[in-house]
Amino acid sequence: MITDARVLQPEFIPQEVEHRNPEVNHLSNALKPIMDGHPGETSLLLGPSGAGKTCIAQFTTERLRENVLDINTQYINCWQDYTRFRVLHRILDGIGQTVDIHRRSTPKDELLERLQDYDGPHYVVILDEVDQLEDKSVLYDLYQTRGITMVLIANREEELFATLDERLTSRLHSSVRIQFEKYPLDELVSILEARAGWGLSEGAIGNDQITHIADAAAGDARIGISILRNAARVADQQGTDTITEEIVRDAVPGGREEIRRKTAEKLRTHQRVLYEILQEEGEMSPGELYDEYCGRVDEAKTKRTVRNYLKKMEHYRLVTAQGEKRARTYRPREDPP
DNA sequence: GGTCCACAGGAAAGATAGGGTC
DNA sequence: GACCCTATCTTTCCTGTGGACC
């Protein structure tokens, strides 16, 4: 059934991308000066989850690597690397400059100095989920650093700019903006057909089943691929040669749940307890949530720390906060993060 | 309108932990 | 092994705000 599991993974970058030629060309043009030894333009890729932003950024920089002999690239997901230190560390890691840098013993400024001293090949840094960065001043420092071109990825422009200071806002306003929209049904169908063609045995899934998956994914390629992967796994376990309509129907909630579960796995023990409570109980006031949390753990953190946890979980898009101040309630998000 | 209470979130200080240095 | 340095996490303290109640 599954002939190549890699192509069913969300991080897989295909050799050719479909339905995103204008976006690829736009980004390629922004990075084109690098081919002549000049810095590229800072690019801002905007749009909803699963619209292909990450894939296009990686695909385009990969294509650039094929055309430019000397170039370095690095992909950083700011969900995981959300501090200034981690971002700088990850960037230096991309050029092999972290051998003697240690998480607990090297000052942040030294990392930046080392980066500013870098005089190697041009360096393209992709910062995904850039709105999740805790300290956005690192963007300003990178903007000022010679030899670095940034490709920034975020969901919503307003949310990103709301958290930037004036000097960054004015600089990023002049950056190249590339807007991504959700995939229409027919485009998502052809993307899933291609993945199925590359990763599953011939005839493993029919057009009706792929359309069903695309329809359930509602324009989000990441969810579509997750459902397809889930369906293929179930069919494999059942020992059947084809993915039936019944398997697809059962795989839809699992595909969505898988994305949520992977995000929840990033939570630490106490954060996970809070998330589980909200999943079980639904909407809760902060007081109710804290009382329930205290009843479930041995050594409860303070209310202030729990507020920080909930803020972080909001960032992870696992939890929604509604209302202000005393009227505030928390509930788990319905849609995948 | 005044008071109380619950809550958010900023600031600062303390605690923790990993690696370096001697 | 003791001590130092540093990033990160946690706690404490505080201010501001809005809803509930009188």
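Numbered from 1 within each chain, the chains take letters A, B, ... in sequence-line order. The structure displayed is predicted, hence computed values, not measured ones.
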Quiz item: If you look only at pairs with a residue in residues 213-251 of chain A, which of them pass as a ring pair (Phe, Tyr, Trp, His ring centres under 6.0 Å), with sequence neighbours excluded?
Solution: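 Found none.
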Quiz item: For residues 257-296 of chain A, which residue pairs qualify under ring pair (Phe, Tyr, Trp, His ring centres under 6.0 Å), counting only residues two or more places apart or in two chains?
Solution: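 The answer is A:His270-A:Tyr293, A:Tyr290-A:Tyr293.
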[X] [atom1] to [N] [atom2]: how many Å, rounded?
| X | N | atom1 | atom2 | value |
| --- | --- | --- | --- | --- |
| A:Glu299 | B:dT16 | CD | C1' | 14 Å |
| A:Phe85 | B:dA17 | CZ | P | 18 Å |
| A:Arg328 | B:dC5 | CZ | C1' | 17 Å |
| A:Lys312 | C:dC9 | NZ | P | 8 Å |
| A:His89 | C:dA7 | NE2 | C1' | 12 Å |
| A:Asp81 | C:dT8 | CG | P | 10 Å |
| A:Arg86 | C:dT6 | CZ | P | 19 Å |

Quiz prompt | Any A:Lys311 side-chain nitrogen or oxygen under 4.0 Å from OP1 or OP2 of B:dA8 | solution =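 False: A:Lys311 side-chain N/O out of range (4.0 Å or more) of B:dA8 OP1/OP2.
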Quiz item: Can you tell me if the side-chain N/O atoms of A:Tyr330 get under 4.0 Å from OP1 or OP2 in B:dA8?
Solution: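 Indeed, a polar side-chain atom of A:Tyr330 lies that close.
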Self-check item: For A:Asp186, all residues meeting salt bridge (charged side-chain N to carboxylate O under 4.0 Å, His left out), sequence neighbours excluded
Solution: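 By the salt bridge (charged side-chain N to carboxylate O under 4.0 Å, His left out) rule, A:Asp186 matches no residue at all.
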Quiz item: Listed by chain and number, what are the salt bridge (charged side-chain N to carboxylate O under 4.0 Å, His left out) partners of A:Arg177, not counting sequence neighbours?
Solution: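 Once residues adjacent in sequence are excluded, the partners of A:Arg177 under the salt bridge (charged side-chain N to carboxylate O under 4.0 Å, His left out) criterion are A:Glu157.
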List the atom pairs, with distances to 0.1 Å, where a side-chain N or O of residues 301-312 of chain A and a protein N or O form a donor-acceptor pair under 3.5 Å, not counting sequence neighbours.
residue	atom	partner	partner atom	Å
A:Thr302	OG1	A:Thr305	N	3.3
A:Thr302	OG1	A:Thr305	OG1	3.1
A:Arg304	NH1	A:Asn308	OD1	2.9

Practice problem: Assign a letter to each nucleotide of nucleotides 10-21 of chain C from its 5' end: B, base within under 4.0 Å of a protein heavy atom; S, sugar-phosphate only; -, no contact. | Solution: SBB---BBBB--
Quiz item: Does the cation-pi check pass for A:Arg20 over A:Tyr183, that is, NZ or CZ under 6.0 Å from the six-membered ring centre and within 45° of its axis?
Solution: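 Pair A:Arg20/A:Tyr183 counts as cation-pi.
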